[in-house]
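Any value given below was found using the heavy atoms of this structure, including those in side chains, with hydrogens, waters and symmetry copies removed.
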Amino acid sequence: MRGVLRNAIFRDSIPRFLQPISIMKLSAAFALAIVSSLPPLIGAQSGSVYLVQKEQLFLQTSASAPAAFPLYPFEMSLQSAAATNVVGPGGTVAIPSGGSNGNPGIQFDYATQAAMDAAFPNGTYTYSGPPAYSVNLTGNSYPTATPAVLSGGTWSNGVLIIDPAVATTLTFSTFTGYANTGVLGYSAFQTSAQDGSNTGLAQDTVVSKALLSFPVSATPLTSIPVPAGTFTPGVVYQASLNFDTATFVDTTSISGGALVGVYANTLAFYIVGKPTTAGTPISVNALSNVVGVSGSVVTIPVSGTGLSGTGVVANWFFNGGEMNLNGGHYSIQNGVNLVINGAGAADVGRYFAIVVGPGGLAVTNEISLTLTAPTVPQITTQPASVTAIGGTVVFNVTATGGGLAYQWKFNGANVPGNSTTSRLILSNINSASAGNYTCTVSNGAGAVTSTAATLTVPAQSANLNGRLVNESVSSLVPTGTTLTVGFLVGGSGTSPSQTLPVLVRGIGPALAGFGLAGTMPDPAIQVIPLGSQTALYSDDNWGSNSAAVIAAENATGAFALTAGSLDAALTAALNAGGYSVALTPNGAGGIALAEIYDNIPAGTYQVTSPRIVNLSALTILPAGGTLSAGFFLGGSTSRTVLIRAIGPTLAGLGITGLMADPKLTLVTSAGTFVAGNQGWGGDPTLGSIAVQVGGFAFASPTSLDSAVLVTLQPSVGYTAEATSASGGGGEVLIEIYEVP
């Protein structure tokens with residue numbers, strides 16, 4: 001939340017007194033917008049300002065008086081026109097170069113005023129130059145009243161809720177001595193949207209005496225009108241109210257610049273546009289100290305409730321100062337977790353976060369990050385050999401050691417292109433692709449090479465081609481709900497004149513024979529073409545279609561249904577296109593199984609034959625529930641698949657009550673772990689392949705949807721499972737795509 005004065009990132013060397021960029025963290029675009037809105041004379045002085053400032057920081061989370069800012073409510077700031085030393089009563093401080101436009105500045109944060117004053121006593125601070133200039137800071141002339149929001153919205157769980165549809169007025173407290181002789185008073189208010197849109201209220205600033213082109217006012221800001229439509233429902237806005245007194249102002253000694261000594265009170269608070277639906281209240285569990293490996297990716301995770309909702313963000317602080325998360329070294333995972341890419345000595349220190357969203361606000365405890373030296377890498381999962389005909393092959397390797405670098409090799413030579421990650425993707429497989437693939441994993445401590453994974457490319461034969469030949473989806477289907485299973489018939493090179501014979505079943509009573517309790521007593525099924533509301537095929541009790549069903553069960557290897565049971569089953573011949581199987585209870589709900597089998601007669605499959613190229617399952621899960629999608633890979637060659645577990649992105653499709661944080665796990669039918677993911681993390685490969693196979697894009701790189709890309713061995717059964725990482729429930733979708 002605090003504006004980053006360290007390296008002067010958002011202040012462009014204009015002190016808060018002259019350019020009031022608040023303690024709230026602003027996007028660079030918003031900061032530039034503020035600079036461009038200031039009088040021309042201010043912009044002209046941006047390279048010649050010398051500042052010494054002491055500041056008290058506050059955070060308001062209710063209608064009562066604000067509290068001190070969490071953990072570090074006092075801040076000392078030094079700023080100059082160029083990198084220099086500052087000699088003060090407490091010693092010499094070096095102001096480094098850098099920051100926005102190269103303007104130098106440095107910031108120190110403290111838990112108490114006594115600690116700040118001990119390190120930086122009042123007195124004269126001299127910039128060594130050249131040329132040398134001095135700034136006086138005396139009297140501890142902080143504004144005498146605590147800044148506060150008095151009215152204009154409704155406080156809820158630590159945030160100020162304002163109805164975007166209604167005009168209102170924010171009113172603030174004031175402070176005494178604003179226009180006293182010898183003291184120049186200053187006050188400013190501003191907001192910034194946390195969703196990156198930079199909408200909200202524009203900055204409003206007044207000063208008590210003539211200074212440059214700022215409007216002069218006998219009183220500080222006491223109110224700000226908020227027109228209807230200013231805020232967006234569900235969006236969180238950072239807001240700040242600054243009260244400053246300047247005991248030393250010199251705008252004549254420096255050509256085109258100023259010397260300023262400032263005491264400031266700054267209030268931070270959050271505004272939320274009244275959501276259309278109430279957000280889940282936010283709470284955070286205690287953070288634990290983190291020990292990472294130098295040079296590696298280090299994650300500081302946050303757990304709790306309400307953390308995965310739309311609009312939830314985490315503002316992270318390092319050694320008391322807010323972090324700039326836009327530079328690539330730091331990033332945010334799953335909306336709240338802090339990720340440090342290539343952690344080094346400069347990252348060792350103390351961290352805490354303020355998490356805020358439409359459901360409220362929570363502050364974590366502070367933890368420490370320490371780093372250990374990297375160890376020689378060890379490969380924990382070797383790449384597996386693959387037999388494939390055409391299409392795409394993926395080799396994966398996993399390793400430990402920290403700070404890892406990867407290099408894939410083909411028959412001993414570096415693979416050209418994107419071959420420096422733990423995943424190697426080969427497209428358009430042909431005979432020239434056949435050979436041995438290894439991966440060398442290295443860091444500062446050493447290197448290790450994987451065992452060779454052999455890619456075998458046999459001569460083309462239709463019966464060898466690996467393909468999806470069945471899907472079975474099991475879930476609890478409550479009374480009045482539907483388990484929807486989708487699939488796509490087609491594939492490159494297929495003939496539209498051909499049809500795919502299938503066996504479709506909806507099973508409830510037969511599951512009791514496998515020891516399951518709470519099964520659905522009487523399921524019914526419908527096969528519905530994509531885009532239609534009318535069933536093409538349907539069945540309630542399978543006995544009406546028993547002869548064809550029994551023949552299909554024998555041909556596909558499906559377990560036999562008991563004669564006269566209330567399970568549902570049918571056979572059909574389907575043209576290329578998308579279909580859904582809707583399984584609904586006739587009466588009471590319960591655990592049910594929907595199945596789709598490829599019923600092509602043995603030995604008759606051709607390259608141009610239609611096949612199942614996409615499988616999906618959508619249902620509403622109770623808290624702690626699991627959606628299981630089983631499938632079998634037929635043929636004799638491997639096939640690469642993209643599997644996704646989708647919850648948050650469903651909101652863009654108009655679905656409500658969705659699962660906030662689906663976790664994806666892929667295992668074999670024997671229970672052997674194959675792959676897993678929790679939060680796709682904006683992986684560009686996963687995003688591009690999803691588009692390639694016709695999937696819709698994830699809502700954002702930080703959405704908590706999950707995905708894996710993996711090449712699977714043939715003649716094996718697999719199960720993809722979706723569960724909530726936090727144990728919740730909601731609507732969730734599993735998708736399985738053949739990757740050509």
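Residues Tyr330 and Asn341 have side chains not in contact (no heavy-atom distance under 4.5 Å, counting atoms from C-beta outward). Inter-residue side-chain proximity for Leu650 and Leu618 is flagged as met; some heavy-atom pair is nearer than 4.5 Å. Side-chain contact between Ile689 and Val739 is present, with heavy atoms from C-beta onward closer than 4.5 Å. Within the 4.5 Å cutoff, side-chain heavy atoms of Leu709 are placed close to those of Ile425. Here the side chains of Leu621 and Met659 are in contact, with some heavy-atom distance below 4.5 Å. In this structure, Thr398 and Gln382 have side chains that are not in contact, with every pair of non-hydrogen atoms separated by 4.5 Å or more. Counting only heavy atoms from C-beta outward, the side chains of Ile528 and Tyr579 never approach each other to under 4.5 Å.
Ring geometry, Phe318 versus Tyr351: the interplanar angle falls from 30° to 60°, so the pair is classed tilted. Aromatic ring pairs are classed by plane angle as parallel below 30°, tilted from 30° to 60° and perpendicular above 60°; the pair Tyr718 and Phe631 is parallel.
A side chain to side chain contact (heavy atoms under 4.5 Å, CB included) with Glu471 is found for one member of Val473, Leu468, Val469 and no other, namely Val473.
Side chains of Thr392 and Thr640: a donor-acceptor N/O pair is absent below 3.5 angstrom, by distance only. Between the side chains of Asn586 and Asp540, at least one donor-acceptor pair of N or O atoms lies under 3.5 Å. A donor-acceptor pair shorter than 3.5 Å cannot be found between the side chains of Thr556 and Asn599. Counted by atom type alone, Asp661 and Gln678 present zero donor-acceptor pairs between their side chains at under 3.5 Å. Between the side chains of Asn285 and Ser303, a donor-acceptor pair is found at a separation under 3.5 Å.
For the pair Lys663 and Asp705, the salt-bridge criterion is not met [side-chain N within less than 4.0 Å of a carboxylate O].
The backbone N or O of Pro684 sits less than 3.5 Å from a side-chain atom of Ser688, completing a donor-acceptor pair. With Asp539 contributing its side chain and Ile525 its backbone, the two residues share no donor-acceptor pair below 3.5 Å.
Residues that satisfy the salt bridge (Lys or Arg N to Asp or Glu O under 4.0 Å) test with Asp567, not counting sequence neighbours, are absent from this structure. Applying the side chain to side chain donor-acceptor pair (under 3.5 Å) rule to Tyr597 yields the partners Glu595; only residues at least two apart in sequence or on another chain are considered.
Other residues, nucleotides and ligands contribute at most 12 non-hydrogen atoms within 6.0 Å of the CD atom of Gln378.
Here the CG-CG distance, from Asn470 to Leu615, works out to 8.5 Å after rounding to the nearest 0.5 Å. Interatomic distance, Ser368 OG to Leu287 CG, rounded to the nearest 0.5 Å: 11.0 Å.
Taking all atoms of both residues into account, the shortest heavy-atom contact from Gln713 to Ser385 is NE2-O, 2.9 Å. When all heavy atoms are compared, the tightest approach of Ser296 to Val293 is OG-O, 2.5 Å. Pairing each heavy atom of Gly234 with each of Pro358, the nearest pair is O-CG, 3.3 Å.
Geometrically, Arg644 engages Phe696 in a cation-pi contact, judged by NZ or CZ lying under 6.0 Å from the ring centre and within 45° of the ring axis.
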(message) I'd like to know whether Glu553 forms a salt bridge (charged side-chain N to carboxylate O under 4.0 Å, His left out) with Arg505, so could you lay out the CA-CA distance, the side-chain angles of the two residues, the decisive distance to 0.1 Å, and finally the verdict.
(response) CA-CA 10 Å; Glu553 288 173 347; Arg505 306 199 301 179; 2.7 Å; yes
